[in-house]
Each structure stands twice: as structure tokens, then as C-alpha cells.
Amino acid sequence: MKSIAVVILNWNGKQLLEQFLPFVIRYSDGAAIYVADNASTDDSVTFVASAFPEVKIIRNSKNYGFAKGYNECLKEVEEDIYVLLNSDVEVTENWLEPLLGLFESDEEIAIAQPKILDYYNRSHFEYAGAAGGFIDKYGFPFCRGRIFETIEQDMGQYDDDADIFWASGACFFIRKKVFWELGGFDEDFFAHQEEIDLCWRAFNTNYKVRYCGKSHIFHMGGATLATSSPRKTYLNFRNSLWMMVKNVPAKQAFATFFVRLAFDGAAAFRFLTQGKLNHIWAILKAHYYFYLKIFYFINKRQSKQYKNYYKIKSIIWLYYAKNGKLFASIFNNSL
């Protein structure tokens, strides 16, 4: 049986730890539980040490963000399977067992996630991951159960186990040996989409990413950085472009980027019509850093990238032009 570590990255999140850590302790029999602290300035660490002495504490020397924060702390974690869990997640009874069963069943399964439901609206999927992620030709992520702002009700339609392209960083299971074989998260990303980049690199190395519908959690979402934040817009657009430079097959790159940049321009125009000038600036800033570091990220490319990573050319076209709001209808009509 594989050993498992649940690792919660924390930064000034005492209130979230008070609320959600007891569920992790109660429902994670047999797992080692860690709180990895990104140099918090509140009393998070003191609180955990006092209230939950069974939890192991790892202290990073500064706030490294999600990517480097996990890379640093996981150097001290010895278990075979890492579970990277957001601090704003409520886990449920027997949440670990089905996913451990996946890893035991197939050595090629490297990464997995459970069903992710909305903490506030528990009958619906949650935005960040839902029932497993995919990506279109132009780098736009979407999920089973969530296409852009359309979020499906959970009616058992995704209670299966399924191959997916990316697993959510809100609750991210990965084999330790694969994490380090792939070099961990790309620390240049700081936060947002680093898990998709890691899954893409795993995909290029012929590992499997799986979704497990027999396990579910509830994710609050937005507790660290609100969806409406221009900072989040900047990180998402910038990191998505960097990720594509690293991973899109060379023969597809020019045409793919030409269309992608046009889509980004359309997104900026949409923000303009909404009066969200800070978000337009965020996209412009993202593109500036994309061009500034394009050759740097070209040098990060893996040696062989011939695999077709997408099954849908444009999720934006299908969603807005074809009124495809539900995953099943979009997917079935597009293959």
C-alpha cells in the first residue's frame, strides 16, 4: 500500500485552517498531514502547533506563491503520494480511499483529482476543477461540469472514473516520483495554471491523469485571490501563454498563437464594454511579459512534443457562437 501525505499550503490563513483542517484530520486516516507555511505574518503556525499537534509543520522562508511554495516544502515530504490540498477545502468521509485505489490499479496513472463541488452551493460543481479538466487548441481550459461561467448541477452525470487532461490544484493527487521526475511546478508561474502545465508535461511523457467520481470534496474558491481580481486576470493570461510556448507542438505553434492572441484581444474588448479598465491593463501586462520572456520559455520545452493535446479546437467558438453550454453537448458534437 502506498503511503500518502496531505499537504496544505498556507499563507495568513488561520481562519481557513480553523474551519477546514479538522475535517482533514477526521477523515484522513492513515495519511500524514502537513501544513506548509509560506512565511505567514499572522499566527497560523502557532495556532496549528497548539491546536493540532499531530499535524506536521513545514516553514518556507518567504512567500513563494503556489508553485515554488509547494516545490520547497515537498522536499521534506517522504510519502509516496502527495495530495496538494487548498486550505479552503472541506473533505468528506472516505475521500482518500477511491483515489488511492486508482494509483494502486495502474502505475501509469500519475495525477488524479476527486469530484469538486461548490462549498456554498453544494448541489453544483465548483469552478476550479469540477469533474476534471481539458484544454482547447488555443490554451483555454474548461471542465466537465463547468464551461466558462456555466456551472452544472451534480446529478450523478460524472460519477465515473475518467481520463482527463488536467487535474485541479485545489485537490491535486500526484505520485512523488513523477512530481520530481517532471521537475515539479514551474516556479516562474508563481500561481495559477501551474497545475495544467505540470499535467501537460506529464501527458507529453505518456503518463495518465484521471478523475475519480467516487470521491468528492467541497471547495470554497476565491479565498486567496478573488475571481474578479485584475491580478488573477494577469496571472491567468500570462501563465497560459507561457504554458503554450512550453508545450504546443512546434508544427502547430504559429497558427495557434496567431488565433490565441486574437482571442485575447477580444477578451480585452469585452472588458472595455464592461468598464473593467484594470483588467484590460492586466491583459496588456500579461502580453508584455509573454513577449519579454518568450525565448526563455522556448528553452524550457521538452525534447519531444508531437502528441495532440486537444479534442476541441475552440471552446470559445462552441460556447458563444454555437450556444454550447454543457460539457456533454459540446464534447459529443465536436469530436
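Residue numbers run from 1 in the order of the sequence given.
In this structure, Met155 is not a member of the same hydrophobic cluster as Phe125, with clusters built from ILVMFWY side-chain heavy atoms closer than 4.5 Å. One hydrophobic cluster holds both Ile111 and Leu9 under the rule that ILVMFWY side chains link at heavy-atom gaps under 4.5 Å. Ile217 and Tyr127 fall into different hydrophobic clusters, where Ile, Leu, Val, Met, Phe, Trp and Tyr residues are linked whenever their side-chain heavy atoms come under 4.5 Å apart, directly or through other members. Under the 4.5 Å side-chain contact rule for hydrophobic residues, Ile280 and Phe263 do not share a cluster. The hydrophobic clustering, which links ILVMFWY residues whose side-chain heavy atoms are closer than 4.5 Å, places Leu318 and Val259 together.
For the atom pair CD of Glu194 and CG of Asn239, the computed distance is 7.0 Å after rounding to the nearest 0.5 Å. Distance check, rounded to the nearest 0.5 Å: CZ of Arg146 to CD1 of Ile116 gives 10.5 Å. The SG atom of Cys199 sits 10.0 Å away from atom CE of Met243, with the distance rounded to the nearest 0.5 Å. Rounding to the nearest 0.5 Å gives a distance of 5.0 Å between CG of Leu326 and CD of Glu152. For the atom pair CD1 of Ile8 and CG of Leu85, the computed distance is 5.0 Å after rounding to the nearest 0.5 Å. Put simply, CD1 on Ile4 and CD1 on Ile33 are 10.5 Å apart, with the number rounded to the nearest 0.5 Å.
Annotation: cation-pi geometry not satisfied between Arg270 and Phe148 (NZ/CZ under 6.0 angstrom from ring centroid, within 45° of ring axis). A cation-pi arrangement is absent between Arg201 and Tyr207, since the terminal nitrogen or guanidinium carbon is not both under 6.0 Å from the aromatic centre and inside a 45° cone about the axis.
Between the side chain of Glu108 and the backbone N or O of Asp106 there is no donor-acceptor pair closer than 3.5 Å. Remark: the backbone N or O of Ala128 is paired with a side-chain donor or acceptor of Ser168 at under 3.5 angstrom. Counting only distance, with no hydrogens or angles, the side chain of Glu97 and the backbone of Ser215 share no donor-acceptor pair below 3.5 Å. In this structure, Glu195 contributes its side chain and Gly169 its backbone to a donor-acceptor pair below 3.5 Å. No donor-acceptor pair closer than 3.5 Å links the side chain of Asn86 to the backbone N or O of Asp88. Side-chain atoms of Asp37 come within 3.5 Å of backbone N or O of Ser40 as a donor-acceptor pair. Panel note: side chain Asp136, backbone Ile315; a donor-acceptor pair is recorded below 3.5 Å. The closest donor-acceptor contact from the side chain of Asn63 to the backbone of Ala39 lies at 3.5 Å or more, if one exists at all.
Within a 6.0 Å radius of OH in Tyr288, no more than 12 heavy atoms belonging to other residues, nucleotides or ligands are found.
For the ring-ring contact (aromatic ring centres under 6.0 Å, His included) with Phe257, the qualifying choice from Phe290, Tyr138, Trp242 is Phe290, the only one to do so. Each of Phe327, Phe140, Phe165, Trp200 was compared with Phe134 under the ring-ring contact (aromatic ring centres under 6.0 Å, His included) criterion, and only Phe327 meets it.
A ring-centre distance under 6.0 Å is not found for Tyr211 and Tyr158. Separation of the Phe203 and Tyr309 ring centroids does not fall under the 6.0 Å cut-off. For His192 and Phe190, the gap between ring centers reaches or exceeds 6.0 Å.
Ring geometry, Phe23 versus Phe20: the interplanar angle falls from 30° to 60°, so the pair is classed tilted. Ring geometry for Phe185 against Phe172 counts as tilted: the plane angle lies between 30° and 60°, on a 0 to 90° scale.
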* Could you walk me through whether Arg210 and Phe103 pass the side-chain contact (heavy atoms from CB on, under 4.5 Å) check? -> CA-CA 10 Å; Arg210 292 283 283 177; Phe103 286 106; over 6 Å; no
* Asked: Should Val248 and Lys137 be marked as a side-chain contact (heavy atoms from CB on, under 4.5 Å) after you check the CA-CA gap, both sets of side-chain angles, and the distance that decides it?
  -> CA-CA 9 Å; Val248 169; Lys137 182 176 181 179; over 6 Å; no
* **Worked check of side-chain contact (heavy atoms from CB on, under 4.5 Å) between Leu102 and Phe173** => CA-CA 11 Å; Leu102 281 184; Phe173 288 65; over 6 Å; no
* To do: Go through Glu181 and Arg175 one step at a time and tell me if the side-chain contact (heavy atoms from CB on, under 4.5 Å) criterion holds.
  => CA-CA 10 Å; Glu181 176 188 331; Arg175 294 184 190 271; over 6 Å; no
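For Arg122, the side chain to side chain donor-acceptor pair (under 3.5 Å) criterion is met by Glu90, not counting sequence neighbours. The side chain to side chain donor-acceptor pair (under 3.5 Å) test applied to Thr205 returns no partner, not counting sequence neighbours.
Smallest separation of non-hydrogen atoms from Asn71 and Gly183: ND2-O, 4.4 Å. Looking at every heavy atom in both residues, Arg26 comes nearest to Asp29 through O-OD1, 4.1 Å.
Ion pair Asp161/Lys214 flagged as a salt bridge, since at least one NZ, NE, NH1 or NH2 atom sits closer than 4.0 Å to an Asp/Glu carboxylate oxygen. Taking the charged nitrogens against the carboxylate oxygens, Lys62 and Glu72 have no contact shorter than 4.0 Å, which rules out a salt bridge. Between Arg144 and Asp160, at least one side-chain nitrogen of the basic residue sits less than 4.0 Å from a carboxylate oxygen of the acidic one, meeting the salt-bridge criterion.
Using modelled atom types, one finds no donor on one side chain facing an acceptor on the other under 3.5 Å when comparing Ser87 with Trp11. Using modelled atom types, one finds no donor on one side chain facing an acceptor on the other under 3.5 Å when comparing Glu76 with Tyr34.
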Side chains of residues 49-61: which donor-acceptor pairs under 3.5 Å do they make with residues two or more places apart or in other chains?
| unit_1 | atom_1 | unit_2 | atom_2 | d |
| --- | --- | --- | --- | --- |
| Asn60 | ND2 | Asn38 | OD1 | 3.0 |
| Asn60 | ND2 | Gly69 | O | 3.1 |
| Ser61 | OG | Tyr64 | OH | 2.8 |

